[in-house]
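Read the structure below first, then the notes.
Proteins get letters first, then strands, A, B, ... in listed order; numbering begins at 1 in each.
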Amino acid sequence: MPEGPSLVIAKENMLAFIGKKVTDAKGNAKIDKSLLVNQTITDIRTWGKHLLICFKTFSVRVHFLMFGTYLVNERKPSSLRLSLKFKKGELNFYTCSVRLITDPLDEVYDFSSDVLNEHWNARKAAYKLRADPIRSVCDILLDQNIFAGAGNIIKNEVLFRIRVHPKSIVGKLPAKKKSELIREARKYSFDFLAWKRNFELRKHWQIYTKKTCPRDHNPVTKEYLGTGKRRTFFCNQCQILYD
DNA sequence: ATACATGTTGGAGC
DNA sequence: GGCTCCAACATGTA
């Protein structure tokens with residue numbers, strides 16, 4: 001469930017609860033759940049991979065990490081991390097990280113660094129790349145401070161689309177490639193969102209988990225790259241190394 | 001069925 | 001203090 005577009009879909013699935021009052025809050029989340037009872041949801045937002053359930057004086061931040069799931073007006077046997085009940089309906093969260101945020105969200109988050117946000121600021125991203133030129137494009141694309149919402153699938157597919165080898169150093173990219181990277185990180189995220197909505201995301205993977213490059217039919221290389229040693233698929237022939 | 005994965009945090013060790 | 005490495009979290013999928 002994790003990458004940014006999936007969070008946008010999660011939010012959309014929960015919009016009906018805006019303006020609704022929590023009648024009960026349960027689950028093993030380590031927050032004071034009693035704070036939520038009798039509070040009304042004022043908004044539901046996302047920042048990257050964070051789902052933000054807003055109340056008048058605080059927000060509940062849900063991060064799904066790798067395996068988190070949620071159900072709207074449904075339950076499953078697994079243990080509940082957080083369950084919000086309403087007069088009509090319920091929101092259930094499993095295997096996720098739940099935190100209370102008491103500072104105003106606009107102080108906690110820079111929404112212009114969320115690739116899916118309407119306030120996305122490409123120039124700011126370009127500035128951040130210039131400020132940190134020696135990092136690999138692999139690490140840059142997973143940096144939530146620069147491309148909030150981008151995850152490992154987006155990383156792989158963006159690099160393939162712009163024909164950049166994942167071991168490239170961001171400062172060595174020609175200016176045109178750098179702006180292409182920034183543009184494509186956002187564009188692919190919206191494609192991801194549209195495909196995910198239609199349950200056809202996998203069908204559109206070009207390099208991620210692939211064995212053969214769809215461009216030149218050479219074998220795809222799989223390596224664990226970057227500081228997080230994340231699964232990276234690439235074509236050694238058509239993705240150019242800038243180092 | 002065993003291993004692995006769309007992610008992040010925090011602690012140990014240096 | 002700061003860096004890197006790794007366990008922990010916990011479950012669906014191949």
Side-chain angles (χ1 to χ4, degrees), chain A residues 1-13 26-31 46-52 59-71 74-83 92-101 108-110 113-116 132 134-161 166 184-212 220-234:
Chain A
M1 137 112 248
E3 302 193 31
S6 304
L7 271 287
V8 171
I9 293 168
K11 174 185 74 178
E12 289 169 358
N13 289 338
K26 286 201 172 68
N28 57 19
K30 291 188 205 96
I31 58 166
T46 58
W47 178 84
K49 299 162 189 165
H50 299 204
L51 177 72
L52 303 162
S59 300
V60 174
R61 188 210 79 171
V62 178
H63 195 302
F64 292 98
L65 292 100
M66 201 81 106
F67 316 122
T69 52
Y70 68 93
L71 287 173
E74 271 185 278
R75 282 182 219 180
K76 60 176 179 176
S78 353
S79 69
L80 269 168
R81 179 62 36 86
L82 181 66
S83 172
N92 296 316
F93 299 95
Y94 307 85
T95 334
C96 51
S97 157
V98 177
R99 284 193 198 175
L100 225 51
I101 299 178
V108 178
Y109 295 105
D110 177 0
S113 61
D114 178 345
V115 289
L116 289 159
D132 213 358
I134 61 166
R135 298 171 69 199
S136 77
V137 290
C138 261
D139 285 336
I140 283 287
L141 274 168
L142 291 177
D143 188 333
Q144 299 302 295
N145 192 39
I146 306 176
F147 298 104
N152 204 35
I153 297 172
I154 293 175
K155 175 196 82 180
N156 277 282
E157 292 293 319
V158 165
L159 291 175
F160 180 75
R161 280 185 169 200
E184 202 59 41
R186 178 164 163 89
K187 184 174 183 304
Y188 183 78
S189 297
F190 277 100
D191 286 346
F192 185 129
L193 174 59
W195 291 327
K196 185 94 184 172
R197 278 198 180 110
N198 293 331
F199 309 101
E200 59 180 35
L201 177 64
R202 272 160 195 266
K203 194 172 93 185
H204 295 276
W205 286 345
Q206 295 192 70
I207 197 78
Y208 185 71
T209 73
K210 295 295 173 185
K211 294 267 186 283
T212 311
V220 167
T221 308
K222 172 179 147 186
E223 284 184 39
Y224 291 81
L225 301 179
T227 52
K229 296 192 171 42
R230 303 296 303 278
R231 219 162 47 133
T232 307
F233 299 85
F234 56 97

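If you check dT6(B), dA10(C), dG7(B) against the side chain of Phe67(A), the one that comes closest is dA10(C). Checked against dA5(B), dG7(B), dT6(B), the side chain of Leu65(A) finds its nearest nucleotide in dG7(B).
We find that CE of Met66(A) is positioned 16 Å from P of dA8(C), with the value rounded to whole Å. For Leu116(A) and dT6(B), the CG to P distance is 19 Å, given to the nearest whole Å. If you measure from atom CD1 of Ile9(A) to atom P of dT6(B), you get 18 Å, rounded to the nearest angstrom. Taking atom NZ of Lys155(A) as the reference point, atom P of dA5(B) lies 11 Å away to the nearest angstrom. Atom CZ of Arg230(A) is separated from atom C1' of dC6(C) by 15 Å (rounded to the nearest Å). In this structure, Phe147(A) places its CZ atom 19 Å from P of dT6(B), rounding to the nearest Å. Between Phe233(A) atom CZ and dA5(B) atom C1' the separation is 10 Å, expressed in whole Å. Per the geometry, NE2 belonging to His63(A) stands 12 Å off P belonging to dG10(B), to the nearest Å.
Cation-pi check for Lys76(A) over Tyr94(A) is met; the charged atom lies under 6.0 angstrom from the ring centroid and within 45 degrees of its normal.
Listed pair Lys76(A) / dG12(C) meets the phosphate criterion, a side-chain N or O lying under 4.0 Å from OP1 or OP2. The phosphate of dT6(B) (OP1 or OP2) has no side-chain N or O of Lys49(A) nearer than 4.0 angstrom. Applying the 4.0 Å criterion to OP1 and OP2 of dT8(B), one finds that Arg99(A) has every side-chain N and O outside that range. OP1 or OP2 of dA5(B) has at least one side-chain nitrogen or oxygen of Tyr224(A) nearer than 4.0 Å. Taking 4.0 angstrom as the limit, Ser97(A) places none of its side-chain polar atoms (N or O) nearer than this to OP1 or OP2 of dT8(B). Residue Arg81(A) places at least one side-chain N or O closer than 4.0 Å to OP1 or OP2 of dA10(C). Contact check, Arg231(A) against dC4(B): no side-chain N or O comes under 4.0 Å of OP1 or OP2. Phosphate contact (OP1/OP2 of dT11(C), side-chain N/O of Tyr94(A), threshold under 4.0 Å): absent.
Proximity of Arg231(A) to Glu223(A): side-chain heavy atoms (C-beta onward) are nowhere separated by under 4.5 Å. Within the 4.5 Å cutoff, the side chain of Phe93(A) has heavy atoms near those of the Leu51(A) side chain. Side-chain atoms of Val220(A) and Ile207(A), non-hydrogen and from C-beta on, do get closer than 4.5 Å to each other.
Within the shown strands, dC5(C) is the pairing partner of dG11(B) under the Watson-Crick or G-U definition, both distances less than 3.5 Å. Base pairing of dT6(B) is not made with any nucleotide, judged by Watson-Crick or G-U wobble geometry with both donor-acceptor distances under 3.5 Å.
For the P atoms, the distance linking dA7(C) with dC4(B) amounts to 14 Å, nearest Å. Remark: the separation of the P atoms in dA1(B) and dA10(C) is 23 Å, to the nearest Å. Taking atom P on both nucleotides, dA5(B) is separated from dC6(C) by 16 Å, rounded to a whole Å.
Ranked by how close their nearest DNA chain C nucleotide is to the 5' end, Arg202(A) and Cys96(A) are led by Cys96(A).
Under the 6.0 Å cut-off for aromatic ring centres, Tyr109(A) and His50(A) qualify, their centroids lying closer than that.
In this structure, Gln206(A) and Phe160(A) approach most closely via the heavy-atom pair OE1-CE2, 3.6 Å.
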